[in-house]
Amino acid sequence: MVQKTFQMEFHSEYSQTEEAALNAEFSRLNGKCYLDHAGSTLYAKSQITAVQEFLTGNLLCNPHTSRSTGDLIDQVRYRILKHFNTRSSEYSVIFTAGATASLKLVAESFCFDPSGVFVYHHDSHTSVLGMRDIVGTKRVDPIEREQLLANLLGQGRTTNQNASLLVFPAQCNFNGIKYPLELVGKIKQDGLAGYDQERFYVCLDAASYVSSSFLDLTKYQPDFVCLSFYKLFGFPTGLGALLVHREAAELLHKRYYGGGTVKIAMAGRNFHVKRDSLVDRFEDGTIPFTSIVSLLQGFDSIERLVPSVREKRSIERISEQTFYLGRYCYDRLRSLRHVNGSEVVELYHDSAFEDVAQQGGIVNFNVLHDDGSYVGFAEVAYMASVHNIVLRTGCFCNPGACQRLIGLTDEDVLRHFDAGHVCGDANDLIDGQPTGSVRLSFGYMTRKEDVDRLVEMIEKCYVKILVPSNISRKQITSSYKNYDQAVLKMICLFPIKSCGAFKITTGWPLCRKGLKHDREFVIVDENGVVLTQKKLTEMCLICPKINLETNELTLSHPSLSNFVLDMNSLENTTGSQPIVLCETKVCMDDVQAVDCGDEVADWISIALQISGLRLLKQSGDEVRTFQQTSKEIALSNQAQFLLINQSSVRWLAEKVPEWDDLQVEPTLESLVDRFRGNLIIETGPRAMEEIQWNRVTIGGHEFTVDGPCSRCQMICIDQTSGIKTTEPLRTIAREFKGKMRFGVYLSHDSSYKVSSDEKLLYCGSAVQGKVE
Ligand SMILES: *Cc1c(COP(=O)(O)O)cnc(C)c1O
């Protein structure tokens, strides 16, 4: 096998002492590998302590009230300008809600000449694309990368007058390519090739660039600079700036005026006079002064943690460090090969990381199978999350760069949209073609080990895929007898959402919402947020059991003695109150729930080693409907029942090549457990046939199939230990061409008039799937 050699060393810009100090600052990462700094970088611990000390040690007032707070804010403006090597005589700092708000402000207020033109770079952020619809001119043109770069040559001083606007990014947030800032001066002076009558003002989208590069506004002087501060130092969010060069100030016209922006306004007559200074005119209302003053600690912290050495500023050192990390990562990924010699990743770059002036610390790619087909980015994201790696996937709000670099035509994009793909979803492959990619981005505290972990994850999940061996699989291939008839093997309920299963091999009542007591309880943290196993894998170690005769809920945990909760005491709903239950995505309003008391709360807090947890029980007749089916469900996420076919799990297990994360091969039962199904059936040799069904009868009960289950991340958690493994998800993804689906959702035909109606469902009942 011929293998190219790549530069695989990593030279850190930091000293060992600096690295140690950084590790201490970000100890909250606690084993997590964070690689989404282009999404948002992290704030340092000492930064937040300093903010707290500042806010608690100073009296801050509304700057319209207190001159001293106003002065403090002016100091912050001065500090920002200093960071960009300029002065208040050159640039004004208008505080905004972020880069997007700054871009919007320019779009709303720039005074185009009646025949002026708005030109934007094709590879722009969505927030720039949105400017097209509100700018004050009808002439709107995109400019391609090569066309833009061609202007570096210049063409002689322009005398053109028609005020026009060009927007381009200083660094592309998709793949980190930096645009030569010499363009700014050239275009301001010479105009833009192809536009003979126009004088161009330049708006630089610096949001991605300034996060880890030095923007020298003495050397390069764009008319407008847009940025967000959380991309520099993580805190505060919701604050950005529009820097306006003095020569361009008169081009910004403001229509709306808010508090603080006028010299006089009258209530009875529509009369006002705006303030003279640009900043005073543009900052409507009370600016976020507590956030603004916190910027000082942000600048301080990066300068303290990465101090300037010799002639190099701290931001320049950060720029080098993140570039080195990017190059190291790029080279390692580029060198990966499948056993057959084919490449493992397809990289989407405009530079091969030769020069820090041209490339920032962002690496963008898709993973390939050994036959050259794509691995969907959603699958890579799942794998990364199993490995505690945070990365970003999709198109990163940069449809132009995404299309150009992945090679999608406009028709492809429309076809993907037609097929149901929208920005931000998990529709990662359509007809084998990627709709987006994987992005890694580095911050000033990223370490070489973080890159190593990412590369090792890709190697482990995608390079060393072995073919299934014929080693004896005692447990899994346990012989099944002639199954003429599919049967219901087991009923599992999850009385407490995200905790262990209560397995039943006899019978259990069905009620209006599904299985009686299924997901009736939730554990919430002290802020009332529902805990889930996805975030807290140890939840599976709490096993609830229900005794229908005594109406008791017994909780067990490997390291505690059992706790028995008398559910009769909860039936009395006088203690019930409407609460808002929040999960990562959904908040359900006004769920009627009863708090189950201090004793069980303490037991659970000890079991999970988190203080302040509470156990809540959904009370009485409370009904939640699932948007798409309008079927009544308890607190489960998707549907009334999840049906899992044990035969399909067996089929899947036989295809898993290697249980790399586990000491012993899992049993079939433990694998079935991972799917957290409610109805476990066995169809003998007919694996996967449930996928075809649209109706099912089980022991005389009729069910409708609502669709396949695609919540597969949970199956990476071994339900007896809480350990995360990459299998069997990796095999599911491979077998189903990136579509991660296993098991089907059911709802039962509602012949249940009232919530007290119950019918018994028995294990051993015949299962009949129908394809209608
Ligand atoms: C992040 C980013 C934006 C948008 O910034 P917000 O903070 O989301 O307003 C715009 N352009 C580029 C290049 C970015 O990286």
Side-chain angles (χ1 to χ4, degrees), residues 35-43 80 93-108 120-132 134 142-143 145 148 165-181 183-184 202-213 215 222 224-243 288 291-292 294-295 298 318-319 322 326 348 350 358-364 391-405 423-424 436-437 439-443:
L35 297 175
D36 185 32
H37 294 272
S40 167
T41 197
L42 303 172
Y43 47 81
I80 294 167
V93 179
I94 298 173
F95 286 111
T96 65
T100 299
S102 303
L103 291 162
K104 182 164 172 253
L105 193 57
V106 173
E108 281 168 351
Y120 64 95
H121 184 21
H122 177 268
D123 293 1
S124 284
H125 195 275
T126 307
S127 299
V128 170
L129 303 183
M131 296 172 80
R132 295 179 295 199
I134 59 164
I143 186 168
R145 182 180 144 76
L148 178 66
L165 185 66
L166 167 72
V167 190
F168 71 92
Q171 171 175 299
C172 176
N173 69 316
F174 186 91
N175 69 1
I177 189 74
K178 296 178 184 176
Y179 284 81
L181 295 178
L183 279 172
V184 173
V202 176
C203 175
L204 190 68
D205 176 2
S208 180
Y209 184 89
V210 297
S211 66
S212 54
S213 298
L215 177 62
F224 311 105
V225 179
C226 302
L227 57 98
S228 292
F229 291 105
Y230 68 90
K231 289 197 180 168
L232 276 91
F233 32 67
F235 182 89
T237 53
L239 185 61
L242 170 63
L243 310 187
S291 298
I292 292 171
S294 307
L295 294 175
I318 289 171
S319 190
T322 49
Y348 301 120
D350 294 302
Q358 290 172 12
Q359 177 66 53
I362 298 182
V363 176
N364 197 309
L391 45 72
R392 182 79 168 258
T393 56
C395 264
F396 326 101
C397 292
N398 196 325
C402 190
Q403 237 186 301
R404 178 174 67 82
L405 289 148
C423 291
S437 58
R439 181 182 73 184
L440 313 173
S441 52
F442 309 117

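Order of appearance sets the numbers: ligands from 1, and atoms from 1 within every ligand.
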Handout entry: Sidechain-backbone polar pair: S124 side chain, L129 backbone, donor-acceptor under 3.5 Å
Key = no
Practice task
Return the set of residues passing salt bridge (charged side-chain N to carboxylate O under 4.0 Å, His left out) with K104 (not counting sequence neighbours), or none when no residue passes.
Solution key: E108
Practice task
List in chain and number order the residues that pass disulfide (SG to SG under 2.5 Å) with C395, two or more places apart in sequence or in another chain; answer none if no residue qualifies.
Solution key: C402
Practice task
On the 0 to 90° scale, with breaks at 30° and 60°, tag the F95-F229 ring pair as parallel, tilted or perpendicular.
Solution key: tilted
Practice task
Please list, chain by chain and in numerical order, all residues satisfying salt bridge (charged side-chain N to carboxylate O under 4.0 Å, His left out) with R392, sequence neighbours excluded.
Solution key: D36
Problem - Contact residues of ligand 1 (heavy atom under 4.0 Å), by chain and number - result: A99, T100, H125, N173, D205, A207, S208, S228, Y230, K231
Exercise for the section: Give me the ring orientation class for H121 and Y179: parallel if the planes are under 30° apart, tilted from 30 to 60°, perpendicular past 60°. Expected result: perpendicular
